[in-house]
Amino acid sequence: MSFWTAVAVYFVVWWVILFAVLPFGVRTQDDAGEVTLGTTASAPARPRLIRTAIATTIAALIIVAGLWVAVNHYGVSLETFANIFDAPSRP
């Protein structure tokens, strides 16, 4: 896996993880009982975006590092997965 491929994979993994974990632990303004005038009641009271971005960065780094090790040291490729799911041929 080249450096730029790893960067591209990291970028995609980071965004997927971000959107997956973004709603975790977020309370709405309605839940908190403090709806700000001009906003919807379902808006987050405290979104904690920096904490979420840091957690996402660490998780994406671990996933991409694991993928890099699998590809560069163990030879995992798309062909490996194709062989796993390939139906046995008939004699």
TODO: Verify the cluster assignment for Val7 and Leu67: are they in a single hydrophobic cluster under the rule of side-chain heavy atoms below 4.5 Å apart?
DONE: no
In this structure, CH2 of Trp14 is separated from CG of Leu61 (nearest 0.5 Å) by 13.0 Å
Those residues at least two apart in sequence (or on a different chain) that pass side chain to side chain contact (heavy atoms under 4.5 Å, CB included) with Ser42 are Thr40
By side-chain hydrogen bond (donor to acceptor under 3.5 Å, both in side chains), Asp31 pairs with (sequence neighbours left out) Thr28
Is it the case that atom CZ in Arg51 sees more than 12 heavy atoms from other parts of the structure closer than 6.0 Å? no
Are Ile17 and Ile63 side-chain neighbours, meaning at least one heavy-atom pair lies under 4.5 Å? yes
message: When you measure from the side chain of Glu34 to the backbone of Ala45, do you find a donor-acceptor pair of N or O atoms at a distance under 3.5 Å?
response: no
Checklist entry - Run the side chain to side chain contact (heavy atoms under 4.5 Å, CB included) check on Val26 and Thr52 step by step: do they pass? => result CA-CA 10 Å; Val26 175; Thr52 302; over 6 Å; no
In short, Tyr10 meets Thr57 closest at the heavy-atom pair OH-CG2, 3.1 Å
- Under a 4.5 Å side-chain heavy-atom rule over Ile, Leu, Val, Met, Phe, Trp and Tyr, are Val13 and Trp4 clustered together? no
Practice prompt. Answer with yes or no whether the hydrophobic clustering places Val21 together with Phe19; edges join I, L, V, M, F, W, Y residues whose side-chain heavy atoms lie under 4.5 Å apart.
Written response: yes
- Hey, any chance Ile50 and Trp15 share a hydrophobic cluster, counting ILVMFWY side chains that come within less than 4.5 Å of each other, even indirectly? no
*Mind checking whether Leu22 and Phe11 sit in one hydrophobic cluster, side chains of I, L, V, M, F, W, Y counted as touching below 4.5 Å?*
yes
Heavy atoms of His73 and Trp68 approach each other most closely as NE2-CZ3, 3.7 Å
Shortest non-hydrogen pair, Val64 vs Ala6, comes out as CG1-O, 4.1 Å
Thr39 and Gln29 have their tightest heavy-atom pair at OG1-OE1, 2.9 Å
